[in-house]
Amino acid sequence: MNMNIYINNKQTETKALSLAELAEELNLPERGVAMAVGTRMVQRAQWGTTTLSEGDSIIIIKAACGG
């Protein structure tokens, strides 16, 4: 079953039930990525147990190198 969530303020349809599943679905890299649900940052160790709900707002931050 699909649900609608917001990723970086863009409505997205997903089958993911947790942040870990969402990271896999989006092919996010193993390192250099942080995620928050609403305004709460979630440690990577907790992604598997952090469940997603219809309408959740997810912020994904990717580290960038350069200068």
Side-chain angles (χ1 to χ4, degrees):
M1 182 169 120
N2 291 346
M3 73 174 121
N4 289 304
I5 60 173
Y6 292 87
I7 299 176
N8 295 347
N9 295 320
K10 181 180 177 188
Q11 186 172 351
T12 305
E13 195 171 288
T14 183
K15 292 182 181 183
L17 300 176
S18 69
L19 281 183
E21 289 178 15
L22 182 63
E24 186 175 323
E25 188 177 290
L26 297 174
N27 296 315
L28 296 179
E30 292 289 321
R31 307 187 111 194
V33 174
M35 286 202 275
V37 178
T39 59
R40 184 179 64 88
M41 291 298 294
V42 180
Q43 295 179 6
R44 184 179 288 271
Q46 297 173 332
W47 287 6
T49 58
T50 302
T51 58
L52 299 176
S53 300
E54 181 78 25
D56 274 350
S57 178
I58 311 299
I59 302 297
I60 299 175
I61 302 167
K62 296 179 184 178
C65 296

For the OG1 atom of T51 and the CG atom of L17, what is their distance to the nearest 0.5 Å?
8.5 Å

Should I5 and L26 be regarded as members of a common hydrophobic cluster, given that ILVMFWY residues are connected when their side-chain heavy atoms come within less than 4.5 Å of each other, either directly or indirectly?
yes

Distance, nearest 0.5 Å, that separates NZ of K15 from CE of M3
12.0 Å

Is it the case that one hydrophobic cluster holds both Y6 and I59, taking links as side-chain heavy atoms less than 4.5 Å apart, direct or via other members?
no

So, taking the atom named NZ in K62 and the one named CE in M35, what distance separates them when rounded to the nearest 0.5 Å?
10.5 Å

Has E30 got more than 12 heavy atoms of other residues, nucleotides or ligands less than 6.0 Å from its CD?
no

N9 atom CG: more than 12 heavy-atom contacts under 6.0 Å:
no

Answer yes or no: are there more than 12 heavy-atom neighbours, outside Q46 itself, under 6.0 Å from its atom CD?
yes

For a 4.5 angstrom cut-off between non-hydrogen side-chain atoms, does L19 reach I58?
yes

Identify the two heavy atoms, one from N4 and one from Q11, that lie closest to each other, and give their separation to 0.1 Å.
CG-NE2, 3.4 Å

What distance do L22 atom CG and T50 atom OG1 have between them, rounded to the nearest 0.5 Å?
11.5 Å

Taking all non-hydrogen atoms of both residues into account, name the closest pair between R44 and P29 and its distance.
NH2-O, 3.7 Å

Value for CD1 (I7) from CG (D56), rounded to nearest 0.5 Å, stands at 10.5 Å

Closest approach of G48 to S18 (non-hydrogen atoms, all atoms of both residues)
O-CB, 3.8 Å

Distance in Å, E25 CD paired with T12 OG1, rounded so as to fall on 0.5 Å steps
9.0 Å

